[in-house]
Amino acid sequence: MKATARAHTNIALIKYWGKRDEELILPTNNSLSLTLDGFYTTTTVEFRNDLTNDIFYLDNQCISGIPYQRVTQFLDLIRQLAGKHIFAEVRSTNHVPTAAGFASSASGFAALAAAGSKAIGLSLNDKALSRLTRRGSGSACRSIYGGFAEWQKGEKKDGSDSFAVPIKPQDYWDIRVAAVVLHADEKKVSSRVGMKRTVDTSPFFKGWVDSIPQDLEQIKAGISERDFEKVGSVAEANCLKMHATTLGANPPFTYWYDTTFTVMQHVQKLRDKKIPAYFTIDAGPNVKVLYLPENEADIKRELESIPGVRDVILSKAGQGITYL
Ligand code: ADP
Ligand code: DP6
Ligand code: CO
């Protein structure tokens, strides 16, 4: 009853920001992402009769508190699905900074769902696996697939129609992402807490939700035409709208640092120099820059030259879940 799986993180081009049901993790809007090959999690789950509770090691450290509870509650769902009452030892390694806005919850819960469901003897198809994964962390349900994926919010109250579907495979289009590392420390406001505060208090939240259908339609058209400018500009604008909602919350907050803003402006200046590049930012200060392979050397040099930039990690489109 042991299995190991690897999942890659994904970067949302149309963001998931807001839940309509917190228990079931049902979103208020569809979201669309690109899975990244540069950042991933490898997780081994072993269900054992001798255990009297679950144990969770992350990067060789025994974990307690909220991160432990999130794992053990997720294992409860797997046990429920399988109809088995047995505890597990989970060992996970993040090849991505944890809780810093690099989507560790996405690769983390996708790897846990895949390894856990296999270890307990379930054989779930992609749709069922994505639906299960969603319960660990919403963004994780998109990491089941490589390339571009869309999380369909669904309409049903029980969440049975809320899961991600593949849009285009990993090898469809060589579009790249530079992760600009400014700070890899854990964020003060988790994605979960930040989006709840926004839904509950930000007057801008309605505008955000209303703007999604058009953004989705345009980005999907851009992807099917392989139109980099269209995809990049829609993604950048969507990111700015999401972050604007946090400024309207009570109490207001932002994930940005001064250096975040510096990088954003630099990316916009690159376009003036005819280097096509667009940014997007998840719930954290670090910036991801979309670019095309022919501009890789310029992009890396330019981004590394910005004061405050600690590292620039280049990534291609990544693959979906793999079992090791
Ligand atoms: P991020 O930007 O990294 O996704 P979040 O606030 O969304 O930040 O989620 C971070 C949380 O995700 C961690 O505090 C932990 O609870 C969970 N997490 C991260 N990595 C893993 C992992 N490998 N296995 C299980 N849970 C993980
Ligand atoms: C800004 O999936 O981390 O990265 O569902 O509460 O675990 P929970 O939140 P999470 O939120 C991700 C928010 C985002 C946008 C995105 O990835 O779509
Ligand atoms: Co997350």
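Counting starts at 1 for both ligands and their atoms, in listed order. Please read these numbers as outputs of a predicted model, since none were measured by experiment.
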Pick out the protein N or O atoms lying less than 3.5 Å from any N or O of ligand 1, and list each pair with its distance.
unit_1	atom_1	unit_2	atom_2	d
ligand 1	2 (O)	G101	N	3.0
ligand 1	2 (O)	A103	N	3.4
ligand 1	2 (O)	K187	NZ	2.7
ligand 1	3 (O)	A99	N	3.0
ligand 1	3 (O)	S104	N	3.0
ligand 1	3 (O)	S104	OG	2.6
ligand 1	4 (O)	S104	N	3.2
ligand 1	4 (O)	S105	N	3.0
ligand 1	4 (O)	S105	OG	3.0
ligand 1	6 (O)	S191	N	3.4
ligand 1	7 (O)	S105	OG	3.2
ligand 1	7 (O)	S191	OG	3.2
ligand 1	8 (O)	K187	NZ	3.1
ligand 1	20 (N)	N94	ND2	3.0
ligand 1	23 (N)	S92	OG	2.9
ligand 1	23 (N)	N94	OD1	2.9

Salt bridge check: are [X] and [Y] linked by an N-O gap of less than 4.0 Å?
X	Y	result
K156	D158	no
D215	K241	yes
K273	E302	yes
D272	K269	no
D200	R197	no
K153	D161	no
E22	R192	no

Working for salt bridge (charged side-chain N to carboxylate O under 4.0 Å, His left out), residues K2 and E89 | CA-CA 9 Å; K2 183 176 177 181; E89 179 179 303; over 6 Å; no

Note on the Co ion (ligand 3): protein N/O/S atoms within less than 2.8 Å are S105 OG

Sub-3.5 Å donor-acceptor pair from the side chain of [X] to the main-chain atoms of [Y], do we have one?
X	Y	value
D21	L24	yes
N10	R142	no
R91	D59	no

Residues 283-295 side chain polar contacts: donor-acceptor under 3.5 Å, at least two apart:
unit_1	atom_1	unit_2	atom_2	d
N286	OD1	L182	N	2.7
N286	OD1	H183	N	3.0
N286	ND2	A100	O	3.1
N286	ND2	H183	O	2.9
K288	NZ	G101	O	2.6
Y291	OH	E296	OE1	2.6

The single option from Q73, R79, Q69 that satisfies side chain to side chain donor-acceptor pair (under 3.5 Å) with D54 is R79

Protein neighbours of ligand 2 with a heavy atom under 4.0 Å, given by chain and number, are A12, K15, Y16, W17, K19, I25, R70, S105, S137, G138, S139, R142, S191, R192, M195, M242, D282, A283

